[in-house]
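Source: prediction; values computed, not measured.
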Amino acid sequence: MDSNSIDIILASASPRRNELLHSIFKSFRLMPQNVDENICESNPKEHVKLLAEKKLNNLDKIYPNSLIISADTIVYFNNKIYGKPKDKVEAEQFLKELSNNSHDVFTGICVCFKGERYLDVEQSKVIFKNLTQQQIEDYIRNKNPLDKAGAYGIQDDDVVDYYVGSYTNIVGLPIEKLKDILYKLEVIQ
């Protein structure tokens, strides 16, 4: 199957997911869905799968012949789910808690094509540097932590010491996992 003949939709407003998906497809449409991200699920894998599926909204009904991709990423540390911080105060709290610790990053991915839904989860580990109060304040002032799960970006080596696992998962779209699904669907070769 030629992916150029398929209408591809990314159900996300994330500039990082957009950039990552361009590594697979030249063109696709962005159709972010406004959904309530509050769900009562404490298991991180189930949490991201439910939200990734929820972010499809009704796109699969509206565009039944399209390939639709959605995802959700969280940081998980000490049995707590860290999504995007609601403000700079919460971003500071997140960074203080993650400082000098390792945590897991989970991304749930949902691919809908020809009436079928494929859900999967990728998990990676991130180890934070031991941050001073000044480093945290500088990071919040100079970066944009409010649009990122856990209030940081893996690409910002100011806070991250090292990671284990998929880099693209930590960014927000596990390309390796997505390619596996797309190969199975015969969308890419």
Side-chain angles (χ1 to χ4, degrees), residues 1-76 80-84 103-126 146-150 153-155 163-189:
M1 183 178 299
D2 180 13
S3 64
N4 292 326
S5 64
I6 301 170
D7 179 40
I8 302 164
I9 298 170
L10 176 60
S12 176
S14 165
R16 290 161 299 280
R17 286 192 184 113
N18 181 0
E19 185 179 317
L20 287 169
L21 192 56
H22 273 294
S23 71
I24 302 175
F25 300 114
K26 285 183 186 176
S27 64
F28 51 87
R29 297 189 289 160
L30 295 176
M31 293 187 145
Q33 301 298 294
N34 190 13
V35 298
D36 179 7
E37 294 191 20
N38 293 315
I39 59 172
C40 296
E41 177 55 64
S42 59
N43 178 305
K45 288 182 179 182
E46 290 306 310
H47 181 95
V48 292
K49 282 182 7 184
L50 286 168
L51 273 177
E53 192 168 33
K54 191 175 183 182
K55 287 181 176 183
L56 278 180
N57 209 351
N58 288 323
L59 286 176
D60 57 333
K61 310 271 186 292
I62 300 167
Y63 303 99
N65 298 316
S66 299
L67 171 71
I68 306 165
I69 301 164
S70 62
D72 187 72
T73 303
I74 59 156
V75 166
Y76 189 71
K80 178 179 172 184
I81 292 174
Y82 294 74
K84 296 173 189 168
H103 60 267
D104 293 304
V105 176
F106 293 89
T107 299
I109 185 167
C110 185
V111 177
C112 190
F113 190 55
K114 295 183 178 178
E116 298 290 326
R117 285 190 181 187
Y118 302 85
L119 277 168
D120 212 335
V121 176
E122 185 69 53
Q123 179 179 355
S124 302
K125 185 169 289 298
V126 175
L146 300 184
D147 75 335
K148 298 173 183 80
I154 186 67
Q155 61 276 19
Y163 67 93
V164 178
S166 167
Y167 176 85
T168 60
N169 174 56
I170 303 165
V171 174
L173 187 64
I175 290 298
E176 306 86 350
K177 183 83 63 185
L178 176 57
K179 282 183 176 180
D180 287 345
I181 295 169
L182 296 174
Y183 285 128
K184 288 176 191 165
L185 293 171
E186 298 180 354
V187 171
I188 61 173
Q189 305 292 317

Participant: Using 0.5 Å steps for rounding, measure from the SG atom of Cys112 to the OH atom of Tyr118.
Facilitator: 9.0 Å
Participant: Taking all heavy atoms of Val75 and all of Ala149, pick out the closest pair and write down the distance.
Facilitator: CG2-O, 3.7 Å
Participant: For the residue pair Asn169 / Glu122, report whether a side-chain donor-acceptor contact shorter than 3.5 Å exists.
Facilitator: no
Participant: Answer yes or no: is there a side-chain heavy-atom contact under 4.5 Å between Val171 and Leu20?
Facilitator: yes
Participant: What's the separation between atom CD1 in Ile68 and atom NZ in Lys61, rounded to the nearest 0.5 Å?
Facilitator: 9.5 Å
Participant: Is any side-chain heavy atom of Ile24 closer than 4.5 Å to a side-chain heavy atom of Lys179?
Facilitator: yes
Participant: Answer yes or no: is there a side-chain heavy-atom contact under 4.5 Å between Phe25 and Val187?
Facilitator: yes
Participant: Aromatic ring centroids of Phe28 and His22 under 6.0 Å?
Facilitator: yes
Participant: Does the structure place the NZ or CZ of Lys80 under 6.0 Å from the centre of the six-membered ring of Tyr82, at an angle of no more than 45° from the ring's axis?
Facilitator: yes
Participant: Is the count of non-hydrogen atoms from other residues, nucleotides or ligands lying under 6.0 Å from Glu176 atom CD greater than 12?
Facilitator: yes
Participant: Do Asp104 and Lys45 sit within salt-bridge range, that is, some charged N less than 4.0 Å from a carboxylate O?
Facilitator: no
Participant: Ignoring hydrogens and angles, tell me if any N or O in the side chain of Arg17 forms a donor-acceptor pair with the backbone of Ser12 under 3.5 Å.
Facilitator: no
Participant: Do Asp7 and Leu67 have side chains that approach each other closer than 4.5 Å (heavy atoms only, starting at C-beta)?
Facilitator: no
Participant: Report the distance from atom CD of Gln123 to atom CD1 of Ile170, rounding to the nearest 0.5 Å.
Facilitator: 10.5 Å
Participant: Does any non-hydrogen side-chain atom of Tyr163 lie less than 4.5 Å from one of Val105?
Facilitator: no
Participant: Could you tell me whether the side chain of Ile74 reaches within less than 4.5 Å of the side chain of His47, counting heavy atoms only?
Facilitator: yes
Participant: Going by the side-chain hydrogen bond (donor to acceptor under 3.5 Å, both in side chains) test, name the single residue among Lys55, Lys54, Lys49 that passes it with Asp72.
Facilitator: Lys55
Participant: Starting from the C-alpha separation in whole Å, work towards a yes-or-no answer on side-chain contact (heavy atoms from CB on, under 4.5 Å) for Leu178 and Val111.
Facilitator: CA-CA 8 Å; Leu178 176 57; Val111 177; 3.6 Å; yes
Participant: Can a donor-acceptor pair be found between the side chains of Thr168 and Ser166 at a distance below 3.5 Å?
Facilitator: yes
Participant: Working note: Asp60 + Lys114, criterion salt bridge (charged side-chain N to carboxylate O under 4.0 Å, His left out); need CA distance, chi angles, decisive distance, verdict.
Facilitator: CA-CA 9 Å; Asp60 57 333; Lys114 295 183 178 178; over 6 Å; no
Participant: Could you check whether any side-chain N or O of Asn43 sits under 3.5 Å from a backbone N or O of Glu46, counting only pairs where one atom can act as donor and the other as acceptor?
Facilitator: yes
Participant: For the residue pair Ala13 and Pro32, what are the closest heavy atoms and their distance?
Facilitator: N-CB, 3.5 Å
Participant: Under a 4.5 Å cut-off applied to non-hydrogen side-chain atoms, are Leu59 and Met31 in contact?
Facilitator: yes
Participant: Any chance you could lay out the side-chain contact (heavy atoms from CB on, under 4.5 Å) test for Val48 and Thr107, step after step, and finish with the verdict?
Facilitator: CA-CA 6 Å; Val48 292; Thr107 299; 6.0 Å; no
Participant: If I compare all heavy atoms of Ser23 with all of Ile175, which pair ends up nearest, and what's the gap?
Facilitator: OG-CD1, 4.0 Å
Participant: Tell me the closest heavy-atom pair linking Ser124 and Gly165, and the distance in Å.
Facilitator: OG-C, 3.9 Å
Participant: Let me see the working for Glu53 and Arg117 under side-chain contact (heavy atoms from CB on, under 4.5 Å), right down to the final yes or no.
Facilitator: CA-CA 9 Å; Glu53 192 168 33; Arg117 285 190 181 187; 3.1 Å; yes
Participant: Check whether any side-chain N or O of Ser66 sits under 3.5 Å from a backbone N or O of Ile9 as a donor-acceptor pair, and report yes or no.
Facilitator: no
Participant: Taking side chain as C-beta onward, heavy atoms only, is Lys148 less than 4.5 Å from Gln155?
Facilitator: yes
